[in-house]
Amino acid sequence: MAMNERYEPRSLEPRWQRRWEEAGAFRAGRRPGAEPRYVLEMFPYPSGAMHMGHARVYTIGDALARHLRMRGFDVLHPIGFDALGLPAENAAIKDGRHPGERTRENIVSFRAEMKKLGYAFDWDREIVTADPEYYRWNQWFFLRMLERDIVYRRQGKANWCTGCNTVIANEQVLEKDAVRVCERCSSPVLEKVIPEWAFRITRYARSLLDGLDRLGAWPERITTMQRNWIGLSQGAEVRFAVAGSAETIPVFTTRVDTIYGCTYVVLAPEHPLVASLTAPERRAEVEAFAARMRRTDAAERTGESAPKEGVFTGARAVNPFTGEEVPVWIANFVLAEYGTGAVMSVPAHDQRDFEFARKYGLPVRTVIQPEKGERTPPGDRLQAATTEDGVLEASGPFTGLGSEKARRVMSDHAQASGFGRATERWHLRDWGFSRQRYWGTPIPIVYCDDHGAVPVPDADLPVVLPPQAIITGTGEPPLAKVPEFVKTTCPRCGKPARREVETMDTFVDSSWYYARYLSPQDGARPFDPEAAKRWLPVDVYVGGPEHAVMHLLYFRFWHRVMRELGLVHEDEPVERLVTQGIVNGADGRKMSKRWGNSVAPGPMVDRFSADTLRLFILFAAPPEKDIDWSDEQVEGLFRFLGRVWRIFHARQDCFAAPEAALAGAAGEFLELRRRTHRTIQKVTEAFDTDLKFNTGIAALMELVNALYAAEPGAEADRSAVREALVAVAALLSPFAPHVAEELWHEVLGAPARDRLLGDEPWPAFDPALVAADTVKIAVQVNGKLRGEVQAAVSAGEAEVRALAEADGKVRAHLAGKAVRKVVYVPKRLINFVVG
RNA sequence: GGGCGGGUGGCGGAACUGGCAGACGCACUGGACUUAGGAUCCAGAGCCGCGAGGCGUGAGGGUUCGAGUCCCUCCCCGCCCACCA
């Protein structure tokens with residue numbers, strides 16, 4: 001039966017989608033004997049409809065998953081929905097609906113769109129975090145972590161919106177003109193100290209930091225961001241005595257080598273010692289300053305644009321190295337929560353200290369000289385602080401030491417003398433995860449008058465979120481207003497008690513979902529550790545780089561906890577991370593309603609085809625780069641698929657050509673064969689290395705162009721064409737799976753009726769055909785291109801040189817000049833250097 | 001201020017360890033086929049120049065037979081963090 005003349009995706013795509021589904025083609029575990037591969041994309045947050053960004057992540061992951069399946073692996077490629085959380089709750093409040101209802105609708109629409117795009121997901125493993133059977137395990141983990149003191153209750157600083165009267169998440173705080181405001185109501189956001197639950201992620205700081213060294217297959221910028229975020233500072237703690245008092249002020253410094261240049265000490269205004277050491281005559285001014293700082297928002301107070309300001313306390317501290325007395329100040333730029341909340345100021349070698357010293361007329365003393373180059377002038381003539389390491393001067397017994405050595409020696413000295421020691425500080429803070437919100441996992445705690453905070457027993461899990469609650473986004477947590485939820489009995493004594501009304505941060509849900517996919521129906525435990533042994537770590541994880549220091553750090557933390565619980569065995573959850581760029585509008589700006597430049601995937605599939613959209617996404621740029629939407633480019637890719645279709649149609653007579661005749665291919669058909677095999681190599685390498693599918697697709701286009709150029713006559717020609725056509729279908733299938741499947745079946749005909757292309761082996765290339773037998777060699781005279789010659793691969797320098805010198809143009813440039821030198825790069829170029 | 005990416009035709013992007021810059025696609029131009037073409041196929045195309053040739057990878061310098069690629073100085077753009085002691 002003759003094949004359809006035209007590419008008609010509208011009927012073709014749903015047909016194959018149905019066929020794949022009926023065959024259970026993408027079910028993981030179908031090849032128990034094969035090596036496993038786990039390809040994961042960040043699951044979507046369905047607070048709205050699916051957008052191009054989603055299409056991009058899933059298309060990248062899907063190409064990889066489909067390819068690996070053809071390489072013979074047992075591939076796990078699951079999908080689910082990150083359904084709980086603040087954005088969904090806010091969206092629901094906005095249109096007066098229940099978040100659950102809204103989310104359910106969005107999930108239905110997402111699912112339909114994803115199926116329309118033909119993603120090879122194992123839908124049997126779909127998870128939805130809003131399902132109590134999912135979040136019960138959040139609660140279970142909470143209890144295990146509580147037992148291990150990884151969860152604790154603390155007084156924490158939260159963002160308090162003065163308009164909504166509630167705590168909001170960091171992500172909801174916008175910075176406008178150095179003022180922090182609420183993204184919803186634009187009211188100022190203040191810091192408010194309230195009790196909250198927190199994860200002791202800082203206990204894992206060292207492990208999270210060291211682990212980064214082993215994540216060689218992660219983008220460096222992501223590991224760097226995590227490294228900075230974890231923020232290890234190695235330094236020293238040095239205790240300054242307070243003159244005329246028994247108190248001491250511990251300061252943390254990374255530059256103890258500069259301590260002989262310390263001319264004052266600064267405390268945070270909230271520092272506990274401020275009250276006791278302030279001199280009576282300074283008290284009024286100091287208290288006024290501290291009070292003003294308390295009222296000022298943190299961002300405003302410590303933002304870089306904020307001017308440095310402070311007041312003298314009247315007290316003096318004693319530098320333990322020199323015995324010198326220096327004044328003690330308080331200032332806005334010193335943070336109570338970092339280090340010891342006190343700094344030793346060395347204005348000559350720290351820019352902040354320098355600016356502060358100049359402003360208040362404090363002395364500046366140079367104690368570090370550069371190893372080479374211009375000397376640093378004395379403090380009074382200094383224009384700016386010099387912060388580089390160097391050689392110590394005017395530093396007592398340490399004078400002449402290099403900074404690095406001095407830090408070690410001086411820390412040891414401090415320790416031996418009992419006034420300090422080498423120590424380290426971390427930037428990472430514990431993860432406060434309670435939310436005064438409704439749409440989250442209820443925290444499984446019961447408050448009893450006699451027993452305090454009592455954990456809910458495992459047997460009583462899940463603590464189910466009540467379906468009805470009044471969600472206004474203001475005042476106390478919504479759950480507090482649901483009496484049938486709050487009222488319970490104490491698990492210990494049975495007396496009336498109240499449930500915790502806070503819920504968990506959404507990031508809890510996404511911290512371990514990759515493991516739930518392994519046994520999504522498991523009712524006895526979060527997941528099956530045996531399955532984890534087979535599938536983890538995730539081989540490739542695709543998602544946006546915006547999660548660098550939130551989700552991607554949290555899930556590494558959670559993985560460590562799961563390992564302590566014996567659930568998983570490897571160090572890290574994800575072997576390789578791929579961060580994909582943004583899909584911008586055609587105008588190069590981020591797609592948004594505001595600019596009216598959004599393009600939704602669904603309508604594009606309707607207008608062109610899923611294969612077209614997928615191809616556009618992959619061809620526009622390598623995965624990690626941002627891309628701009630382009631209607632013209634999309635049309636171009638649609639045309640390409642039509643072109644592929646037509647060449648198959650035009651070469652139907654080659655479909656039956658025998659493979660045995662391939663060896664007879666000669667001339668341009670031997671060239672075609674070479675190109676076919678080089679294309680296989682090129683596309684295969686893209687999958688094996690950098691996932692630059694754009695160049696792989698370009699190679700496929702070249703092969704198609706070559707097919708157009710070749711008119712087969714002899715049987716061997718037709719066999720070569722057939723070989724190319726089969727390769728095109730197979731190589732195209734990870735990118736444009738529907739049309740590839742159809743074309744493959746057209747070529748193969750009856751023998752392939754019951755098979756699927758995705759189950760076929762990935763094409764192999766013949767190394768003998770990939771290697772060329774002749775090469776083009778560029779001929780240069782004095783480094784300038786003057787011609788090119790064809791030479792056999794086996795040709796030596798003398799032969800190539802003779803060929804080159806025979807070239808007319810080259811001869812003209814060589815005429816009358818002495819050849820001083822000839823540079824010959826085999827298989828590439830020959831360069832005559834003439835004088 | 002710090003960290004990490006980038007800067008290549010009209011546009012998106014290619015270019016392995018220094019070796020023919022601009023693959024592939026878009027837009028564009030010409031031709032063929034056509035009642036028609038915004039379909040399709042073929043061809044052209046970095047810039048200047050009729051041409052020989054010259055000039056070209058953000059700017060300037062350097063190393064080299066040869067630099068988009070390596071080194072130095074600087075400019076611009078993006079993202080993340082940001083008074084972290």
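None of these values were measured; they are calculated from a predicted model.
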Among [options], the nucleotide that comes nearest once only the side chain of [X] is considered:
| X | options | value |
| --- | --- | --- |
| A:N831 | B:rG53, B:rC84, B:rC65 | B:rC65 |
| A:K308 | B:rA85, B:rC4, B:rC83 | B:rC83 |
| A:F619 | B:rG12, B:rC55, B:rA85 | B:rG12 |
| A:R646 | B:rC41, B:rC24, B:rG5 | B:rC41 |
| A:E220 | B:rG5, B:rA39, B:rC42 | B:rG5 |
| A:L829 | B:rC84, B:rG25, B:rC20 | B:rC20 |
| A:R352 | B:rG19, B:rC83, B:rC26 | B:rC83 |
| A:R828 | B:rA85, B:rC16, B:rA27 | B:rC16 |
| A:R429 | B:rA14, B:rC84, B:rC26 | B:rC84 |
| A:V825 | B:rA85, B:rG19, B:rC79 | B:rG19 |

Inspect the contact between A:E424 and A:R206 and indicate whether a charged nitrogen and a carboxylate oxygen are less than 4.0 angstrom apart.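 Yes.
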Less than 4.0 Å between a side-chain N and a carboxylate O, is that true for A:R607 and A:E635?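 Here A:E635 pairs with A:R607 in a salt bridge, since their nearest N and O are under 4.0 Å apart.
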Counting the atoms with a prime plus P, OP1 and OP2 as sugar-phosphate, which does [X] contact under 4.0 Å by heavy atoms, base, sugar-phosphate, or nothing?
| X | answer |
| --- | --- |
| A:R786 | sugar-phosphate |
| A:Y708 | sugar-phosphate |
| A:G231 | nothing |
| A:R643 | sugar-phosphate |
| A:H813 | sugar-phosphate |
| A:E788 | base |
| A:D626 | sugar-phosphate |
| A:R820 | nothing |
| A:K784 | sugar-phosphate |
| A:P622 | sugar-phosphate |
| A:R425 | nothing |
| A:S630 | nothing |
| A:N705 | sugar-phosphate |
| A:V343 | base |

From [atom1] of [X] over to [atom2] of [N], roughly how many Å is that when rounded to an integer?
| X | N | atom1 | atom2 | result |
| --- | --- | --- | --- | --- |
| A:Q633 | B:rC11 | CD | P | 13 Å |
| A:L618 | B:rA14 | CG | P | 13 Å |
| A:L703 | B:rA23 | CG | P | 18 Å |
| A:E702 | B:rA14 | CD | C1' | 10 Å |
| A:E635 | B:rA39 | CD | C1' | 12 Å |
| A:R255 | B:rC84 | CZ | C1' | 15 Å |
| A:N584 | B:rC79 | CG | C1' | 12 Å |
| A:H349 | B:rG1 | NE2 | C1' | 19 Å |

A:R425 NZ/CZ over A:F252 ring centroid, <6.0 Å and within 45° of normal: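 The answer is yes; both the distance and angle limits are met.
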Within 45 degrees of the axis of the six-membered ring of A:Y708 and under 6.0 Å from its centre: does A:R643 put its NZ or CZ there?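 Yes.
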Check this one for me: any side-chain N or O of [X] less than 4.0 Å away from OP1 or OP2 of [N]?
| X | N | value |
| --- | --- | --- |
| A:N694 | B:rA14 | yes |
| A:K821 | B:rC65 | yes |
| A:N228 | B:rA82 | no |
| A:R639 | B:rA27 | yes |
| A:T695 | B:rA15 | no |

Would you sort out whether A:F419 and A:F321 count as a ring-ring contact (aromatic ring centres under 6.0 Å, His included), showing the intermediate values? CA-CA 9 Å; A:F419 58 74; A:F321 277 84; 5.2 Å; yes
Using heavy-atom distances to pick each residue's nearest nucleotide on RNA chain B, tell me which of A:Y338 and A:N782 is more 5'.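 Looking at the nearest nucleotide for each, A:N782 comes out on the 5' side.
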With RNA chain B as reference, determine whether A:W229 or A:F832 sits nearer its 5' end, using the nearest nucleotide of each.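 This one resolves to A:F832.
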Would the number of heavy atoms belonging to other residues, nucleotides or ligands and lying under 6.0 Å from CD of A:Q790 be above 12?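 Yes, the 6.0 Å shell around CD holds more than 12 heavy atoms from other groups.
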Can you check the distance between B:rU73 and B:rA14, where both ends of the measurement are the P atom (answer in whole Å)?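 Result for the P pair: 29 Å, nearest Å.
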Suppose you measure atom P in B:rA21 against the same atom in B:rG68; what distance do you get, rounded to whole Å?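 Looking at atom P only, B:rA21 and B:rG68 are 8 Å apart.
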Donor on one side chain, acceptor on other, A:T387 and A:H349, under 3.5 Å: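 Side chains of A:T387 and A:H349: no pair found under 3.5 Å.
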Sole candidate of A:F693, A:F608, A:W629, A:F638 that passes ring pair (Phe, Tyr, Trp, His ring centres under 6.0 Å) when paired with A:F616: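 Exactly one pass, corresponding to A:W629.
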Where does B:rG51 fall, syn or anti, if syn means a chi angle no more than 90° from 0?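 Anti conformation here, the glycosidic angle of B:rG51 being more than 90° from 0.
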